[in-house]
Amino acid sequence: MSLPTDSAAARGDGRRPDQIRSVRFQNHIAPHATGSTLVEWGNTRVICAVMVEESVPGWMKAQKVDGGWLTAEYSMLPYSTLDRKARDIAKLKLDGRSQEIQRLIGRSLRAVVDLQKLGPRTVWVDCDVLQADGGTRTASITGAYVALSLAVRKLQGEGLVTADPFRSPVAAVSLGVVEGRPVLDLNYVEDSGAEVDMNLVMNGAGEFIELQASGEESTFSDAHLSELLRLGRLGIRQLLDLQQAALASA
Ligand code: UDP
């Protein structure tokens with residue numbers, strides 16, 4: 001499979017193939033949280049909030065594991081989609097997609113945090129989608145890093161955390177092959193028609209934390225994968241800069 005030649009033609013929403021949607025962070029959106037931000041990523045909006053519990057899970061105590069724990073929960077609010085999405089609690093079960101996404105968020109953050117340096121406490125990261133237009137999991141991870149940084153700052157200010165627990169920042173972006181062309185940061189329309197779907201999570205050193213790429217009733221070539229990774233790195237670099245700017249002005 002070769003790459004199409006009109007690779008500079010505009011996308012449905014006018015973006016270039018290598019262009020992310022506009023991303024901004026509105027920090028301290030949830031005043032009772034230890035750290036929080038509303039990430040507005042095109043028409044996708046996610047509230048990321050962090051709270052801290054001064055205890056560790058039972059399995060850590062039982063296995064005498066030192067340090068703290070970090071875990072994440074993800075949900076789409078009922079009014080985040082065009083048709084009302086029933087709350088999981090009303091169905092008495094967490095849907096498989098939410099479960100997969102919240103585990104991804106937790107893994108992505110734990111990959112850049114030294115749990116020892118958190119001390120014996122549990123950090124809860126809640127990501128609630130206010131408006132969904134594609135890329136809610138990548139917005140959750142990217143926003144959760146900002147919320148967690150704000151929370152860590154607060155804990156440091158209170159003297160509860162002394163050393164910097166971050167090994168690196170983390171950001172995530174979606175990609176896909178749409179109408180034969182690799183593109184960065186899919187909105188819902190692109191996502192629903194994409195031949196290949198990819199989610200990329202990277203740290204500040206440009207190392208992979210998670211790389212998920214799947215053909216949707218389709219396959220992809222080495223050339224596609226290389227181009228997706230090139231675009232992904234471009235996106236991640238911009239997101240890391242936007243996170244730093246949001247934290248510098250917080
Ligand atoms: N979506 C939806 N209802 C759902 C699941 C997904 O409307 O129950 C939409 C939503 O816009 C979401 C997009 O489909 O952002 C893509 O979903 P996907 O599972 O690929 O996850 P995401 O791209 O949000 O990480």
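Start at 1 and go down the list; that is how both ligands and their atoms are numbered. Since this is a predicted model, take the numbers as computed values, not measurements.
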- Determine whether Tyr188 and Val177 fall in the same hydrophobic cluster, where Ile, Leu, Val, Met, Phe, Trp and Tyr are linked whenever their side-chain heavy atoms lie under 4.5 Å apart. no
- Query: Without hydrogens or angle criteria, can the side chains of Arg97 and Tyr74 be said to hold a donor-acceptor pair below 3.5 Å?
  - Reply: yes
- Message: Less than 3.5 Å apart, any donor N or O on the side chain of Ser75 or Asp128 sitting next to an acceptor on the other?
- Response: yes
- Where ligand 1 meets Arg97 - atom numbers and elements under 4.0 angstrom, heavy-atom basis: 5 (C), 6 (C), 17 (O), 18 (P), 19 (O), 21 (O), 22 (P), 24 (O)
- Message: Can you name the atoms of ligand 1, numbered from 1 with element, that are less than 4.0 Å from a heavy atom of Lys85?
- Response: 8 (O)
- Task: Mind checking whether Asp191 contacts ligand 1 via backbone (N, CA, C, O), side chain (CB onward), both or neither, at a 4.0 Å heavy-atom cut-off?
- Result: side chain
- Note: Val129, heavy atoms under 4.0 Å from ligand 1, region reported as neither
- Message: Can you tell me if Lys93 has over 12 outside heavy atoms packed within less than 6.0 Å of its NZ?
- Response: no
Any nitrogen or oxygen of [X], main chain or side chain, under 3.5 Å from a nitrogen or oxygen of ligand 1?
| X | answer |
| --- | --- |
| Arg137 | yes |
| Asp197 | no |
| Met76 | no |
| Thr138 | no |

- Considering heavy atoms of the protein only, find what lies nearest to atom 24 (O) of ligand 1 and give residue, atom and distance to 0.1 Å. Thr136 OG1, 2.5 Å
- Counting heavy atoms only, which of Thr81, Leu104, Asp83, Thr44 comes nearest to atom 3 (N) of ligand 1? Thr81
- Message: Out of Ala194, Ala139, Gly134, Ala86, who is nearest to atom 11 (O) of ligand 1 when you count heavy atoms only?
- Response: Gly134
- Message: Could you check whether Arg15 pairs with Asp185 (Lys NZ or Arg NE/NH1/NH2 to Asp/Glu carboxylate O, under 4.0 Å)?
- Response: yes
- Message: Among Arg21, Arg11, Arg181, exactly one meets salt bridge (Lys or Arg N to Asp or Glu O under 4.0 Å) together with Glu190. Which residue is that?
- Response: Arg11
- Single hit among Val52, Val113, Leu160, Val56 for side chain to side chain contact (heavy atoms under 4.5 Å, CB included) with Leu118: Val113
